[in-house]
2 protein chains.
Amino acid sequence: MNEKKGVCICEGCEFRDVVFSHLDDNSIQDLCNHKEEQSLSKGEVINHEGEKISNFKYLKSGLVKLYRRTPSGDEQIITITRPFEFVSNMSIFSEERYQYSVSALEDSVVCMVKLEFIKELFLKNGGFAMGLLSKISVINDKIIGQTLDIRQKNLVGRVAYVLLYFTREIYNSRVFDLPVSRKEIADYIGMSTANVIRTLSDFKREGIIRVFGKTIEVADIEKLENISRHG
Amino acid sequence: MNEKKGVCICEGCEFRDVVFSHLDDNSIQDLCNHKEEQSLSKGEVINHEGEKISNFKYLKSGLVKLYRRTPSGDEQIITITRPFEFVSNMSIFSEERYQYSVSALEDSVVCMVKLEFIKELFLKNGGFAMGLLSKISVINDKIIGQTLDIRQKNLVGRVAYVLLYFTREIYNSRVFDLPVSRKEIADYIGMSTANVIRTLSDFKREGIIRVFGKTIEVADIEKLENISRHG
DNA sequence: GGTTATTATTGATATTGATCAGTCAGGACG
DNA sequence: CGTCCTGACTGATCAATATCAATAATAACC
C-alpha cells in the first residue's frame, strides 16, 4: 500500500470534469496540494466497514467491490464498479463510520482528500456542491436499480445479468478476464456458488459463452440479453 | 387531490429542523411563499415513474410506498416510509424524470416547492446544501441497507423483518393496522402472496402474532426478532 | 517441479418457495 | 337482503435452488 503525496497532475484527471468542473484553477491547485494517492494491489482493502471516515476518496484506476458482512458471516457484495463511478462511500457526509467495506478487485489507485477540506469547499462553492450531489445521487440510483434488477430475476437471469454487466459497464468488450471468483459472483447475485457454476456451464454448453480459464468470451450476446430480460 | 397555496405555517413544520435549519427567517418566509401543499387520499399517486421532475417534494404526514414496475408488469416495492424520511425521489438533481413511482398508503399531505427554487437555494446556501445532501444520503443508505437485509433472508425471515419494520420504524407500537395488502407485502419482500399468507398464518398459530382483520398485534417480539435474525 | 491449498466442477438429494385451484369471508352496491 | 367482487386463505403439487459430498483443475509456495 504505497502512498504518494501532493504529486499534482490533476490537469489530466478524468474526475475533474465530473465533479470538479466548478472549481477554478486556484482551487484545483489547492485541492491537489491536499490530496494523496494510494496504490493498492488486488485484494487490498480500501475501507473497512465500521471504520471512521476521515477522507473523501475516489477511484482513479482499477476496479473495486463494495460489500458488507451479514450477521452469519457471509460476504454480501453490493456493487462492483470502475473508476469515477465510485466516490468514497455514499455516506461520507451523513455518517461517522463506513457502512460498507471496499476492496480492490484489480490493482487500483485511489485518490484521497481530507474530508474537512471537501466539506469546506462544499460549503463555499454551490456549483461544486451541486456537482457532487448529482454524482452521489447517480451512484446511489445505480446501486439501488441494480439491486432491484437482480432481486427480480431468477438464477439464470441473474447470471446473465452479471455477465452483461461486465461486458457492457465494466470492460466494454465481449472478451474479458473475470475479476472475481465464482463465489464472489454468488455473493453478488445472492445465489449459491454451486448454482452459479452450474449455470455458467450450461451457458458454455449452449454456446452462449466461451471460457478459457479466467477469460470469458460472450459469444451470443442477444441470447444472453434474452435470458437476462426474461429470467 | 386538494391543493392549498402559500398557506404558511412552516414555523411548526418538523421538516424545517431536518433540512431547513440553515435558512434564516426571511428565506423560510420566501420558501413558504413558493410552496404548495397537496392532500392525497389513500391510494393516490404522488409521482409516476417516467414523469418529468418539476418539484421538490416531501411528505408532511401520512405514509407512502416507493415502487417501480418490472418488465413483466409486476409491482416491485422499494420501500415504505413515513413523514420526513422521504424527500422527493433521490434523483431530483441528477435525473430529468422520476425513476420510481410513489403513492399514498394512508391519507397523506405532501409539501412541494418548485425545483428551480430549491436549486437556487442550494447554490447560494452551503449549509442548506450540506443539510440536504446529508438527508438524501441517509435516505439512500437506508433503502440500500433495507434491500440488502431483505435479500439475505429466507421467506420467514423476510416476513418477520417487515413485521418488525412496521412495529419499530413505522408505528412504534406492537399493535397496528396493516397499511398494505398481503400482495403488497409480497411485492415488498419479493416472495409470492400465497407464501406470505402462509407464513403469517404460521406465526399466528405459533402465538407470535395475533390478527384481528387488518389489525396486527406482535405478541412475542423476541421470537420475531430471532426469526428475522436467523431466517 | 513437486506439494499443498484453493477454487471450480458435477451429481445426488433435500429444502424451499412458486404455482394452481379452490374455498371462504367481508365489503360495495343495487 | 342477496349478489358480485376482491382479498385472504389453504392444500396439493411442481419447479427452483440449496446443500452435501466427491473429484478435478489451478494457483501458491517452498
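Any value given below was found using the heavy atoms of this structure, including those in side chains, with hydrogens, waters and symmetry copies removed. Fair warning: this is a prediction, and the values are worked out from it, not measured in the lab. Note on naming: letters A, B, ... go to the chains in the order of the sequence lines (proteins, then strands), and numbering restarts at 1 for each one.
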For a quick check of understanding: with a heavy-atom distance under 4.0 Å over all strands, which category does [X] fall into, base, sugar-phosphate or nothing?
X: A/Ile197; answer: base
X: B/Ser192; answer: base
X: A/Ser201; answer: sugar-phosphate

Interatomic distance, [X] [atom1] vs [N] [atom2] [rounded to whole Å]:
X: B/Lys214; N: D/dG7; atom1: NZ; atom2: C1'; value: 8 Å
X: A/Arg205; N: C/dT9; atom1: CZ; atom2: P; value: 11 Å
X: B/Phe212; N: C/dA25; atom1: CZ; atom2: C1'; value: 18 Å
X: A/Asn195; N: C/dA14; atom1: CG; atom2: P; value: 17 Å
X: A/Ile185; N: C/dT7; atom1: CD1; atom2: P; value: 14 Å
X: A/Arg151; N: C/dA18; atom1: CZ; atom2: P; value: 12 Å
X: A/Lys42; N: D/dA28; atom1: NZ; atom2: P; value: 9 Å
X: A/Arg182; N: C/dT10; atom1: CZ; atom2: P; value: 10 Å

Which nucleotide wins on minimum distance to the side chain of B/Met191, given the candidates C/dA8, C/dA18, D/dT10?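 Of the options given, the side chain of B/Met191 lies nearest C/dA18.
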Out of C/dT19, C/dA8, D/dA8, whichever nucleotide has its closest atom nearest the side chain of B/Ala194: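 Out of C/dT19, C/dA8, D/dA8, the nucleotide with an atom closest to B/Ala194's side chain is C/dT19.
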Closest-nucleotide 5' rank along DNA chain D - winner of A/Lys153 and B/Lys183: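 Comparing both residues, the 5'-ward one is B/Lys183.
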Ignoring hydrogens and geometry beyond distance, is a side-chain donor-acceptor pair present between A/Tyr161 and A/Asp149 at under 3.5 Å?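 Note: A/Tyr161 and A/Asp149 side chains meet the donor-acceptor criterion.
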Quiz question: by atom type and distance under 3.5 Å, do the side chains of A/Thr215 and A/Asp177 form a donor-acceptor pair?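 Yes, side-chain donor-acceptor contact under 3.5 Å.
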Distance-only donor-acceptor test, A/Asn154 side-chain atoms vs D/dA16 base atoms, 3.5 Å: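 Counting by modelled atom types and ignoring angles, no donor-acceptor contact under 3.5 Å is found here.
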Ignoring hydrogens and angles, answer whether the base of C/dG11 and the side-chain atoms of A/Arg198 contain a donor-acceptor pair closer than 3.5 Å.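 Between C/dG11 and A/Arg198, which were checked side chain against base, a qualifying N/O pair under 3.5 Å is present.
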A/Leu163 side chain reached by A/Ile208 side chain, heavy atoms, under 4.5 Å: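 With C-beta onward as the side chain, the pair stays apart.
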side-chain contact (heavy atoms from CB on, under 4.5 Å) partner of B/Lys65, the single match among B/Thr81, B/Val102, B/Leu105: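 Only match with B/Lys65 under side-chain contact (heavy atoms from CB on, under 4.5 Å): B/Leu105.
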B/Arg69/B/Glu49 salt bridge by N-O under 4.0 Å criterion: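 Here B/Glu49 does not pair with B/Arg69 in a salt bridge, since their nearest N and O are not under 4.0 Å apart.
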